[in-house]
Trainee: 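Please read through the structure below; I'll follow up with questions.
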2 protein chains.
Amino acid sequence: MSYSIGDVVKKTGLSAHTLRYYEKEGLLPFVKKNASGVRAYSDEDLRWLTMIECLKDSGLQIKEIRQYIEWFNEGDSTLSQRLSLFENRRKILEKEMARLTVVMNKIRYKELLYREAVRVGSLDVATNERRLKHLKKKLFESPDDFDKVTG
Amino acid sequence: MSYSIGDVVKKTGLSAHTLRYYEKEGLLPFVKKNASGVRAYSDEDLRWLTMIECLKDSGLQIKEIRQYIEWFNEGDSTLSQRLSLFENRRKILEKEMARLTVVMNKIRYKELLYREAVRVGSLDVATNERRLKHLKKKLFESPDDFDKVTG
DNA sequence: ATAATACTTAGAGTTTACTCTAGGTGTTCG
DNA sequence: CGAACACCTAGAGTAAACTCTAAGTATTAT
């Protein structure tokens with residue numbers, strides 16, 4: 001099976017502009033064109049687009065994805081480089097998730113603080129409630145200046 | 001206590017450029033200047049910078065942070081808007097963490113696949129190993145095209 | 001006193017990943 | 001056969017968040 005750029009737009013949700021841009025950036029080196037220069041995407045190309053989406057979701061930049069595809073095309077001699085890439089990415093994702101957990105607690109505290117402030121009609125009153133002060137301590141293992149902010 | 005922009009650079013790790021940029025964008029409406037126009041940051045200003053960092057970490061854009069600060073300055077009449085902001089942010093962070101969990105599993109599979117490929121010296125051989133095929137099933141609850149990609 | 005350093009402003013430049021425009025060619029349908 | 005539509009390329013424009021430059025003033029150290 002082969003697909004026009006319009007077909008791929010429908011399948012992937014990417015714009016035709018974006019698909020051509022990806023190709024220009026070296027992310028789709030396998031896409032064939034017919035005699036009049038019209039792109040014909042294969043199922044393999046669609047699977048690469050799925051892979052590209054995953055790599056983008058993991059935070060890779062386009063030039064890093066291009067590097068990965070180049071390594072893939074060079075074959076088994078680049079296996080260790082590709083392993084490093086995924087190792088690093090996994091570590092970065094772990095850090096990112098840890099970071100988000102910390103931020104989440106701070107935002108959750110603010111949400112509860114403002115929920116109470118709305119209930120009693122005053123931010124100052126809510127901020128000084130024992131229950132919320134206690135919650136603050138519970139949510140922030142390592143307190144920083146954050147808990148002094150009144151906003 | 002008050003601090004020069006250089007002091008704040010050392011304390012926060014932000015550049016002087018960035019601090020002035022934040023001020024221009026309305027994120028630091030309280031910073032005082034002396035007779036010759038030199039900024040003197042207060043402890044309150046430093047706490048706002050901590051708050052701004054948290055909001056940025058949670059994914060808010062600068063204009064959204066400015067909006068929040070404007071609401072803060074308007075007092076208790078904007079409590080419900082601020083509550084909405086934190087509610088939305090919490091929901092977005094939850095989605096983001098769920099997204100990262102999915103991506104993490106895919107990247108972890110790739111890492112293990114390439115670790116094995118490096119060990120045996122062949123991506124094709126590793127891809128066809130029963131152990132890794134089984135792992136793939138375990139990691140991806142809802143299989144998509146991803147598991148067909150060989151790269 | 002003078003050199004170095006820190007500060008000021010306005011505004012231009014950078015990066016990333018698109019996103020769109022202009023001007024044109026090719027294909028399909030009634 | 002001609003209108004409508006999909007496609008092509010090259011290149012310009014956009015948004016966000018900085019990042020830096022230029023040209024000048026003020027402060028500090030020797």
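Each chain gets a letter, A, B and so on, in the order the sequences are listed, and its residues count up from 1. Values in this document were obtained by computation on a predicted structure and should not be read as measured data.
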Trainee: Using whole Å, what does the distance between atom P of nucleotide dA15(D) and atom NZ of K63(B) come to?
Mentor: 9 Å
Trainee: Please report, rounded to the nearest Å, how far the P atom of dT19(C) is from the CG atom of L19(A).
Mentor: 12 Å
Trainee: May I have the distance from E64(B) (atom CD) to dA15(D) (atom P), rounded to whole angstrom?
Mentor: 16 Å
Trainee: What is the distance from CG of L60(B) to C1' of dA16(D), rounded to the nearest Å?
Mentor: 14 Å
Trainee: Looking at every strand, decide which applies to R20(A) at a 4.0 Å heavy-atom threshold: base, sugar-phosphate, or nothing.
Mentor: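 R20(A): base contact, heavy atoms under 4.0 Å.
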Trainee: Whole angstroms only, please: what is the CD-P distance between E23(A) and dA10(D)?
Mentor: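 These atoms are roughly 12 Å apart.
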Trainee: For K24(A) and dT16(C), give me the distance from atom NZ to atom P, rounded to whole Å.
Mentor: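 The answer, rounded to whole Å, is 15 Å.
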Trainee: So, does S4(B) get its side chain near the phosphate of dC7(C), meaning an N or O under 4.0 Å from OP1 or OP2?
Mentor: yes
Trainee: Checking all strands, does E25(A) fall into the base, sugar-phosphate, or nothing category for heavy-atom contacts under 4.0 angstrom?
Mentor: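 Contact class for E25(A): none.
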Trainee: Could you tell me whether S15(A) contacts a base, only the sugar-phosphate backbone, or nothing, with contacts defined as non-hydrogen atoms closer than 4.0 Å?
Mentor: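 No contact.
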Trainee: Between R47(B) and M51(B), is there a side-chain heavy-atom distance shorter than 4.5 Å?
Mentor: no
Trainee: Report yes if a side-chain nitrogen or oxygen of Y22(B) is closer than 4.0 Å to either non-bridging phosphate oxygen (OP1 or OP2) of dC18(D); otherwise report no.
Mentor: yes
Trainee: Looking only at side-chain N and O atoms, does R39(A) come under 4.0 Å of OP1 or OP2 in dT9(D)?
Mentor: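 The answer is yes; a side-chain N or O of R39(A) sits under 4.0 Å from OP1 or OP2.
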Trainee: To check you understand the geometry: which heavy-atom pair defines the closest contact between R90(A) and I107(B), and what is its length?
Mentor: N-CG2, 3.9 Å
Trainee: Of all the choices, dC7(C), dG11(C), dA17(D), which nucleotide is nearest to the side chain of I62(B) once you look at every atom?
Mentor: dA17(D)
Trainee: Which listed nucleotide (dC8(D), dA16(D), dC18(C)) is nearest to the side chain of I5(A)?
Mentor: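 Comparing dC8(D), dA16(D), dC18(C) against the side chain of I5(A), the answer is dC8(D).
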Trainee: Compare side-chain N and O positions of K56(A) against OP1 and OP2 of dC18(C) and report whether any pair is under 4.0 Å apart.
Mentor: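 For dC18(C), OP1 or OP2 has a side-chain N or O of K56(A) closer than 4.0 Å.
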Trainee: So F86(B) and Y114(A), would you call those rings parallel, tilted or perpendicular, with 30° and 60° as cut-offs?
Mentor: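 Because their plane-to-plane angle is under 30°, the rings of F86(B) and Y114(A) count as parallel.
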Trainee: Could you state the OH-C1' distance from Y41(A) to dC8(D), rounded to the nearest angstrom?
Mentor: 12 Å
Trainee: Over how many whole Å does the gap from L28(A) atom CG to dA17(C) atom C1' extend?
Mentor: 15 Å
Trainee: Among dA16(D), dC7(C), dA17(C), which is the nearest nucleotide to the side chain of V38(B)?
Mentor: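 Nearest to the side chain of V38(B) among the choices is dC7(C).
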Trainee: Would you mind telling me which residue lines up with the more 5' stretch of DNA chain D, H17(B) or Y21(B), judged by nearest nucleotide?
Mentor: Y21(B)
Trainee: For E116(B), is there an ion pair with R119(B) - N to carboxylate O distance below 4.0 angstrom?
Mentor: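 Counted as a salt bridge, because a side-chain N and a carboxylate O are separated by less than 4.0 Å.
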Trainee: Tell me whether the side-chain N/O atoms of K33(A) come closer than 4.0 Å to OP1 or OP2 in dG26(C).
Mentor: no
Trainee: We want to know whether S42(B) and D45(B) form a side-chain donor-acceptor pair, criterion being a heavy-atom distance below 3.5 angstrom.
Mentor: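 Yes, D45(B) and S42(B) have a side-chain donor paired with an acceptor closer than 3.5 Å.
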